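The structure appears right after this line, and notes come after that.
A note on names: the letters A, B, ... follow the listed sequences, proteins ahead of strands, and every chain is numbered from 1. Quick caveat: nothing in here was measured; it's all calculated off a predicted structure.
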There are 2 protein chains.
Amino acid sequence: MSNKGDILNKLTQQGYRITPQRIMILEAVEDAENHISAEEIYIFVCARYPNVNISTVYRTLELLKELELVTETDFGDGRVRYHSIKKGHHHHLVCQKCGGIIDVDESVFAPLRESLSGKYGFEADIHHLAIFGTCKKCK
Amino acid sequence: MSNKGDILNKLTQQGYRITPQRIMILEAVEDAENHISAEEIYIFVCARYPNVNISTVYRTLELLKELELVTETDFGDGRVRYHSIKKGHHHHLVCQKCGGIIDVDESVFAPLRESLSGKYGFEADIHHLAIFGTCKKCK
DNA sequence: ATTGCAGCTGCGAATTGTTGCATCTACATA
DNA sequence: TATGTAGATGCAACAATTCGCAGCTGCAAT
């Protein structure tokens, strides 16, 4: 499992630069207990390094996403949330009635992925998905 | 298969009103060849009935979605698209390299739905999903 | 240590979609 | 046919995210 140094190396190797802003944003995502929004990252970073711009936060998250260092999930509450890939791939079942979220291991989606690959030759890139529906309690 | 009259009846039965705006918006979705965005619906409606407001379009689509008359799909290009339910449930495989879209029958997702129901008691509400990945050609 | 410059940042404006509220209207009832 | 009112609309403000651009900076090569 990679640590912060490895991630910074990965950036350098691909021709990207290490900047204080990027380090802080990366730390914010890594330190977060759960999925964290761009706004929350912004607040976190500003606390120690004022004058960071929210658009830099968005741009850095975009970059980290491309490098597959973070994943993005839309929980349907009007803002997208981010999560370090170090904490593993998983999916979320979002109950549209009570708002509860159930975490689901990636393995549940393996048959679907195989089926799409076999029937359509399509390699699905589903690392972090939010599926909406109704949970056991609310049925 | 329901026609426009049936849909309008369904609205009335549930205590919703039939307004010119709603009729026009409904027609726009029904007439659309493919998935249509809110913006496109707005342009279509404005052409014959000016002074409709874009927020009415969004609110009407929200309503039609709740009544399960249209489905909403996020193709990841920054805008959500809508589709009449009359044209059947299906899903989309979006290639992140060439941008191509493969339509997939809903049945492919049945095992996943059963698995989520069996293991977690969660009734997944997946009628129209866009799955990202790499298609056969671009592999 | 200096320099060159591609890549990065901050800022402000634009874009896309949502919400609050005052006004209006479809339609059930009288 | 007239009326009351819950539901619908238009408008403008708001929120989340993206974009253009001028100036700044990390870092590789001197």
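- Residue-level contact check: B/R59 touches the bases, meaning some heavy atom is under 4.0 Å from a base atom.
- Contact annotation for A/I18: backbone-only contact, meaning every heavy-atom pair under 4.0 Å involves sugar-phosphate atoms and none involves a base.
- In this model, the phosphate group of D/dT9 is approached by a side-chain N or O of B/T19 to a distance below 4.0 Å at OP1 or OP2.
- One can place CG of B/N53 at 12 Å from C1' of D/dA8, the figure rounded to the nearest angstrom.
- For A/R17 against C/dA6, a side-chain N or O and a base N or O form a donor-acceptor pair under 3.5 Å.
- Residue contacts shown for A/E39 are absent, as no nucleic acid heavy atom lies under 4.0 Å away.
- At whole-Å resolution of the value, CG in B/L11 and C1' in C/dA26 are 13 Å apart.
- Between C/dG17 and B/S55, no contact under 4.0 Å exists linking OP1 or OP2 to a side-chain N or O.
- Residue A/T56 holds its OG1 atom at 6.5 Å from CD1 of A/I25, rounded to the nearest 0.5 Å.
- Residues B/R113 and B/A124 come closest through the heavy atom pair NE-O, 3.6 Å.
- Nearest-nucleotide positions on DNA chain C for B/V80 and B/P20 put B/V80 closer to the 5' end.
- Taking the side chain of A/T56 as heavy atoms from C-beta on, and the options C/dT9, D/dA12, D/dC19, the nearest nucleotide is C/dT9.
- To the nearest angstrom, P of D/dC24 lies 14 Å from CD of A/Q21.
- The residues A/E33 and A/K87 are annotated as not salt-bridged, no charged nitrogen and carboxylate oxygen being separated by less than 4.0 angstrom.
- By the neighbour-count criterion of 12 heavy atoms within 6.0 Å, atom CG of B/N51 is sparsely surrounded, having that number or fewer from other residues, nucleotides or ligands.
- As rounded to whole Å, 19 Å separates atom P of D/dC14 from atom CD1 of A/I54.
- One interatomic measurement links the two molecules: CG of B/N9 to C1' of C/dC27, which rounds to 15 Å at whole-angstrom precision.
- Rounded to whole Å, the distance from CZ on A/R79 to P on D/dC14 is 17 Å.
- One atom, CD of B/E62, and another, P of D/dT9, lie 14 Å apart when rounded to the nearest Å.
- Comparing C/dT9, D/dA16, D/dA12 by their closest approach to the side chain of A/Y58 singles out D/dA16.
- A straight line from CG of B/N51 to C1' of D/dA8 spans 16 Å, rounded to a whole angstrom.
- When distances are taken from the side chain of A/R22 to each of C/dG10, C/dT16, C/dT9, the shortest belongs to C/dT9.
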Residues A/E62, A/K65; criterion salt bridge (Lys or Arg N to Asp or Glu O under 4.0 Å); working and verdict: CA-CA 5 Å; A/E62 184 66 29; A/K65 210 170 65 186; 3.3 Å; yes
